[in-house]
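Fair warning: this is a prediction, and the values are worked out from it, not measured in the lab. Positions are given from 1 along the sequence.
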Amino acid sequence: MLPIQQGLEITRILYGVDDEVPYKRLLEWQKANNEIFMSLREGKKLVGAITFMPIEEKIALSLLHNEIKEKDIPGMAIKKWTDKGISVYVPTIEVLSSGNLQRDRERGQFLLRRTIKWAIMLTIQYDIKNWYAIGATPEGQAILEALGFNLITEFDEGKRKGYMID
């Protein structure tokens, strides 16, 4: 199974089909910028994933205000890291549960450390204005808040929250 297919399967397991981005759309994103995905593997098995998506700020804000869904982002909306004044939307920071709390905690800590290092590197190297993310779970919201993201919107009766950090 290809990494994108495995990532799609993880998203489906964690969030259901409502937030699923079609495989064809994921390929469009990868074609536009093949440096937006990072994965965590144990052997050949994908156990976690991160996606950093450089886009125009208006698209990020439309996502945070629930005007569009991730699956609605066309490949042409994905920017190159070298473009000027980009915003970064973080659609994915996820670890698939193994059923072993200690192992899951270690995976999560490792993935979070790598995510932070990657974000710092990108911020130093490129012209990034703001970072945006949606906390789709209480755990995701807690992580975003611990990282210093500021709450800017809530929807789905407060179950999902939109965040920004500059």
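Ring to ring, W131 and F149 are not that close: their centroids are 6.0 angstrom or more apart.
At a threshold of 4.5 Å between non-hydrogen side-chain atoms, the residues I50 and M38 count as touching. Looking only at side-chain heavy atoms (C-beta outward), F110 and L40 come within less than 4.5 Å of each other. K45 has its side chain out of reach of R41: every pair of non-hydrogen atoms, C-beta onward, lies at least 4.5 Å apart. Side chains of T92 and F37 form no contact here, defined as non-hydrogen atoms less than 4.5 Å apart. L64 is listed as a side-chain neighbour of I134, based on a closest heavy-atom distance under 4.5 Å. Side-chain contact between K129 and E57 is present, with at least one heavy-atom pair separated by less than 4.5 Å. You'll find the side chain of V21 reaches within 4.5 Å of the side chain of W29, heavy atoms only. Side-chain contact between L122 and I128 is present, with heavy atoms from C-beta onward closer than 4.5 Å.
Salt bridge E42/R107: present, at least one basic N to carboxylate O contact under 4.0 Å. Electrostatic pairing of E154 and R160 does not count as a salt bridge here, judged by no charged N lying under 4.0 Å from a carboxylate O.
Using a distance-only test at 3.5 Å, with no hydrogens or angles considered, a donor-acceptor pair links the side chain of Q141 to the main chain of G135. Side-chain N or O atoms of N100 include one that pairs as donor or acceptor with a backbone N or O of R103 at under 3.5 Å. One N or O on the side chain of R25 and one on the backbone of I73 form a donor-acceptor pair closer than 3.5 Å. Between the N33 side chain and the E35 main chain, a donor and an acceptor come within less than 3.5 Å of each other. Judged purely by atom type and a 3.5 angstrom limit, N150 has no side-chain atom pairing as donor or acceptor with the backbone of I165. Of the possible donor and acceptor atoms, one in the side chain of K80 sits under 3.5 Å from a partner among the backbone N and O of A32. Under a 3.5 Å cut-off, the side chain of N34 and the backbone N or O of K31 do not form any donor-acceptor pair.
The two residues G108 and V95 make their nearest non-hydrogen contact at CA-CG2, 3.9 Å. A60 and Y132 make their closest contact through CB-CD1, 3.5 Å (heavy atoms, listed as atom of the first residue, atom of the second, distance). Looking at every heavy atom in both residues, S39 comes nearest to L46 through CB-CD1, 3.1 Å. When all heavy atoms are compared, the tightest approach of P54 to I86 is CB-CD1, 3.6 Å.
Atom CZ of residue F52 and atom CD1 of residue I36 lie 11.5 Å apart, to the nearest 0.5 angstrom. Note that the CD1 atom of I59 and the OG atom of S87 stand 10.0 Å from one another [nearest 0.5 Å]. Atom CG of L144 sits about 11.0 Å away from atom NZ of K161, to the nearest 0.5 Å. With rounding to the nearest 0.5 angstrom, the CG atom of D127 is 12.0 Å from the CH2 atom of W81. The structure places NZ of K69 at 7.5 Å from NZ of K71, a figure rounded to the nearest 0.5 Å. To the nearest 0.5 Å, atom CG of residue L61 and atom NE2 of residue H65 are 5.5 Å apart.
Around atom CE of M76, no more than 12 heavy atoms belonging to other residues, nucleotides or ligands sit under 6.0 Å away.
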